[in-house]
**Student:** 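First the structure, which I've put down as C-alpha cells, then a few questions once you've had a look.
Residue numbers start from 1 in every chain, and the chains themselves are labelled A, B, ... in the order their sequence lines are given, proteins ahead of strands. The structure presented is a predicted model; accordingly, all values stated were derived computationally and were not measured.
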Amino acid sequence: MRTQPIAQRKPHCTHPYDTVQRPEASFPRLAPNPALLVALLVGAITLSACADVTAQIEQKRPNVLLVLLDDAGFMDFGAYGSDTRTPNIDELGKAGVMFSRYYTHPQCGPSRASLLTGQDNHLIGSGSIAEVLTTEMRALPAYSMRWSTEQKTIASRLKDAGYQTFVTGKWGIGDIGANLPHRFGFDRSWVLDSTGSSNYKAKSYLPLYKTVSWFEDGEPTSLADDFYSSRAIVDKMIEYLEAADPNRPFFSYVAFQALHIPVQVPAEYIDNYDGIFDVGWDVKRDERLQKAIALGLVPEGTRMHAKPENARDWNALDAEDKRYWARAMQVNAGMMEAADFHLGRLLTYLRSKGQLDNTIVVVTSDNGPEYNALGKTSPVASLALERLWMAIEGWDLDYNNLGQVGSLAAIGPEWATVSAAPFHLFKFNATEGGLRVPMLIAGPSVQTQGFVGARAHVADLTPTLLDAAGVPFEPEKFYGRSLVPILSGEAVEVYEDDDAVAFEVSGAAALYQGPWKITKTPEPFGDGAWQLFNIQRDPGETTDISETHPEILQALLNKYDDYATQVGVYELPPGQSARRQLTVNGIKKFSANYWYLVLMLIGVLSAAVYLLFFLTRRIGRRLTTTLRI
Amino acid sequence: MNWLTYLLVGAPASVALIYFGLPRSLHALGLHPSYAIPALDLRGKRALIITTSHDTLGKTGKRTGVFGSEMSVPYYVFLDANMEVDIASIQGGEIPVEPYSMGWPLATPEDRRFKADPIAMSKLKDSIPVARINPDDYDVFFMAGGWGAAYDLAQSDTLAELITQANANNKILSSVCHGALGLVSAKAEDGSPLIAGRRVTGVTDRQIKQLGIEVTPKHPETEMRKVGANFEANTSTIEMFATHVVVDGNIVTGQNQNSGYETASRVMEILAKHL
C-alpha cells in the first residue's frame, strides 16, 4: 500500500558501533626506506590497537531498554504537560527526542504485537483482543490470537545479533499462554499473560476471568506476598541484568502494569496529589489544552471536541462524588509517579554499572487511557453483574480504600478525556485520544531535540531499534519504518505526504496520509461512519470535512479498503460491535466461572414461579368455592 | 378449530413462501440475470461511477434517485478486480436512492453488501461533484441510471464536458439504463454528438411506458436516437426482464438494471486488453 521509503534516506548501517565504521586500511603507497619501516612499525602497533578498540566497540553495541506504560494517555507524562511528577521520564525526554505525533493501536494486545514485531497487527493474528471475538472471527488468520513458531520479534532479531534479551511485566499478546516470550527470543522472561490484574496480587480485574497467570521462562509462577507491580517488575529486571554478561549488550523490555485498571498505588503517592484535581475534569481539560499549545504539542488555535455524550459535568456532582473522583485521579497520578520512580531505580542501576550512557531508552504507552470504571459508570445491566462479581471476588470501590489492596479504582470517562487531552476520546477508539500517546527516545546517537512533530507509528519501533543497534534488517519486511533519520537529526519526517498508514482494531479504524486522517468510531462513542479530518490543523477532530472534501475522503477510503483487504480485516456486520461482543462473551464466561450461582439463581426463580402459580391456583379455588356458596 | 390451525400454519407459510420465493421468481423471470464475471486483476486501474443527484419524481412528490443495483453491481465488479472505484454525482454530496431498489424483493447481493459496507456507504453519502472530477484521473466512467437520472444527466453541461474530455483521452465510457443520458450531450473530437453513428443501448421507451414513468423529462431511447445513435435493445413481454449490452469501441452500454454485471464485465475485458 505504501510507497518505498524516502529516496534521500541513507541506509542506516553506518551506526557508530558498527564495525564497518572502523578505520579501514587505506594505506599510503610508500617506497621501502628506514623511515618507512619505522612508520610501518608504528602503523602496525596502531593497527593492532585499533583492532583491540574495534573488538571493544563491537562488544559495546548499544543496549536497548524498551519501557511500556499501560493505558497512559497523551498527557500523562510530566514532560507532556501532566500534573503528574515523572522526573526520570522527563529527563530522558529532554535529553533525547519526544514525539508529539506517535500513533499506536487503540487496544493493548494488537499494540504490543506490532510494537515487538514491526508488523501490522492483522498479519500476525492480532487483529483484535481475544475478549471481543466472535466465532467467525476466530476462524480467520487475522484473528487467530496465536503466533507461528517462526514469528520473529525484536527480541529474537537482537538475540541473533548477540544480545541478551529480557522481559518483565505485562505480556498480553493473543490467547493466554499461547505466545509466551520464551518462545519468541527472550532469554529470560517474567510476565503477566493477561490484559491486566490487581497490582498487589495475581487477581483478575474482569468478570471474564477467574484467575490471572504469571509465567517465568514459560512456567507458571507465583508472586511474593509484598508484590507491588511497578516495584516488582523493575526488581526482576535488575535481577536479570545483574546475572547478565556485562560484556554483551542487552535488550530489556519493561512492561509496567501502570496505569491499567485497577489504578493502585501505596497511599503516600496518592496523598502527594491532594488538592490537585479538586477543580474537576472540566477545568483540568481546558488547562491541559493550554499546556499542550504552550509546549507546541498542538498548533495555536486548536479546539477540543466536546466531551462524550454521557460524560458528567464536574459541577453537577455532589460534594461526595467530587471527593471520590478527585481522589481516583490522584491514584492515577500517584501510580504514574511510582512507575517513574521505579524506572528511575533501574536507570540508576544501569548508571552504576556504567551501562546507561550506552543504552537506547524508549518510553511509551500501548494505547490511550482507559475510560471504563467497573461498578461505577457502566450501563445499568452490566453494573448489576459487575457489582455481584465484585462482591463475590472481594473488590471494593470505597473512598477510604481507593488505590489500595482490593480497590477496583478507575478514573472513568471524564478524567480519561483529561489524560488524553487535548484529543477526542480514549482507549478502544481510533480517535486521536485512543491512538496518539507519548513516546520518547534517548541514548547514544540520539540528538537532543525536545518535541518533534514527525509522524511515527508503533510498528516503526522494531525497525528503529534494529537500525539504532546497527543490526542489519530488510526494511521492506516491516510495516513500520526506521525513525533513526529523525533521531539523528538527519530528517524531519520519514513518511512523505502520499505515504499512508492504517490502523484497525475491532471496527475502530483510522488511516493517516499527509495532513489527512479518516477514521471511524464504533458505538457507543460513534456511529461507525467514516469521517475526514485535517489532523494537522484540527487535532481535536472537531470538524468532519468529508462533505467539503469528498475526493480526498474517497481517495483515502480506497487506500484503507486496499489495506483492509490485504491484511484481512473482518468488518463487523451492522448491529454488531466489539462492545456488544464483550458483553456477550462476558456473560458466557461469567456463567461458566460461576455456574453454581447461575444454577442457584435458576432454582430461586423456578421456586418463585412455582410459588406464584401455587398461590394463584389456591386463591382461584377459594374464590370459586366462595362464589358457589 | 380447523380454521385456526390453517391460519396459524398457513399464514406464516405463505409469508415465508412470498418472502423467499418472490425474489427468486423475479430472478428466474429475468431480473438481474446471473453473468459469469471474468476473474481479472486490474490493480492500478480506476473507475468512476457517476449518478444522479435528483431525488423527486416530477411534481408527484414521490422520491426517486439512482437505482441501487446500477451503482452497487459495477462498484463491486470493479472493486473485486482490485480496481479503485470512486462515486460521483451531478451535484455531489448524498446521493438519493430509488426507494425499495436496494431492498426486498429487488435487492441484489451487491445491494446488501453495499448497505453493510461503511466505505461504500460513505462514498454514497459524500459523493464527489462531477465539477471536481479530473478526466485524466480515471480509466472508466460508468454512468448509473434510475429515474432521477432523467432529470439531470443529459441536462448537465459539466457532465457533458467531462465525458467529452474523457472520450478525447480515449477513456472507457459506459452506462446502464437511464445512465445513457450522460452520453447524449457529450461531443466527439470533431464536435459532432459523441454517439452519432455509434451502436448503443439504454432503457427503452417501451419499458418506460410499461412502468408508467413517462412523466420523466428525458427518455434514453428517444434522446439517443435524436442525436443519431444506432440504438439497439432486446425486448420482452415485460420489458424490465430484457437485457442487452453493446460494445462499440470505447463505449460500453447496457440496456437496463439487468445489464450491470455484463456491462461492467465487458468494460473490464477492454481494460485487460490494454494492460
**Student:** Going by the angle between their ring planes, with limits at 30° and 60°, are A:His305 and A:His424 parallel, tilted or perpendicular?
**Tutor:** parallel
**Student:** Please work out which of the three classes, parallel, tilted or perpendicular, describes the rings of B:Phe141 and B:Tyr138, given edges at 30° and 60°.
**Tutor:** perpendicular
**Student:** Under a plain distance cut-off of 3.5 Å, with no hydrogens placed, do B:Asp126 and A:Ser546 share a side-chain donor-acceptor pair?
**Tutor:** yes
**Student:** Let me see the working for B:His54 and B:Thr64 under side-chain hydrogen bond (donor to acceptor under 3.5 Å, both in side chains), right down to the final yes or no.
**Tutor:** CA-CA 7 Å; B:His54 189 85; B:Thr64 188; over 6 Å; no
**Student:** Answer yes or no: does atom CD of A:Glu523 have more than 12 heavy-atom neighbours from other residues, nucleotides or ligands under 6.0 Å?
**Tutor:** yes
**Student:** Whether A:Arg481 and A:Asp499 form a salt bridge (side-chain N of Lys/Arg under 4.0 Å from carboxylate O of Asp/Glu) is what I want to check.
**Tutor:** yes
**Student:** So, applying side chain to side chain contact (heavy atoms under 4.5 Å, CB included) with A:Ile535, which one of A:Gln513, A:Arg455, A:Arg101 is it?
**Tutor:** A:Arg101
**Student:** Could you list which of residues 118-135 of chain A have a heavy atom closer than 4.5 Å to any heavy atom of chain B, in residue-number order?
**Tutor:** none
**Student:** What part of A:Glu571 gets within 4.5 angstrom of chain B, counting heavy atoms only: side chain, backbone, both, or neither?
**Tutor:** side chain
**Student:** Answer with side chain, backbone, both or neither: which region of A:Thr548 has an atom nearer than 4.5 Å to a non-hydrogen atom of chain B?
**Tutor:** backbone
**Student:** Relative to the ring of A:Phe503, is the ring of A:His457 parallel (under 30°), tilted (30 to 60°) or perpendicular (over 60°)?
**Tutor:** tilted
**Student:** Is any side-chain heavy atom of B:Leu194 closer than 4.5 Å to a side-chain heavy atom of B:Thr164?
**Tutor:** no
**Student:** Is the closest side-chain donor-acceptor distance between B:Glu110 and B:Tyr261 under 3.5 Å?
**Tutor:** yes
**Student:** Which residues, numbered in order, of residues 71-99 of chain B come under 4.5 angstrom of chain A by heavy-atom distance?
**Tutor:** B:Tyr75, B:Leu79, B:Glu84, B:Val85, B:Asp86, B:Ile87
**Student:** Any idea which of A:Leu553, A:Leu572, A:Ile518, A:Leu532 has the most non-hydrogen atom pairs under 4.5 angstrom with chain B?
**Tutor:** A:Leu553
**Student:** Would you please say whether a donor-acceptor pair under 3.5 Å links the side chains of B:Gln165 and B:Asn169?
**Tutor:** no
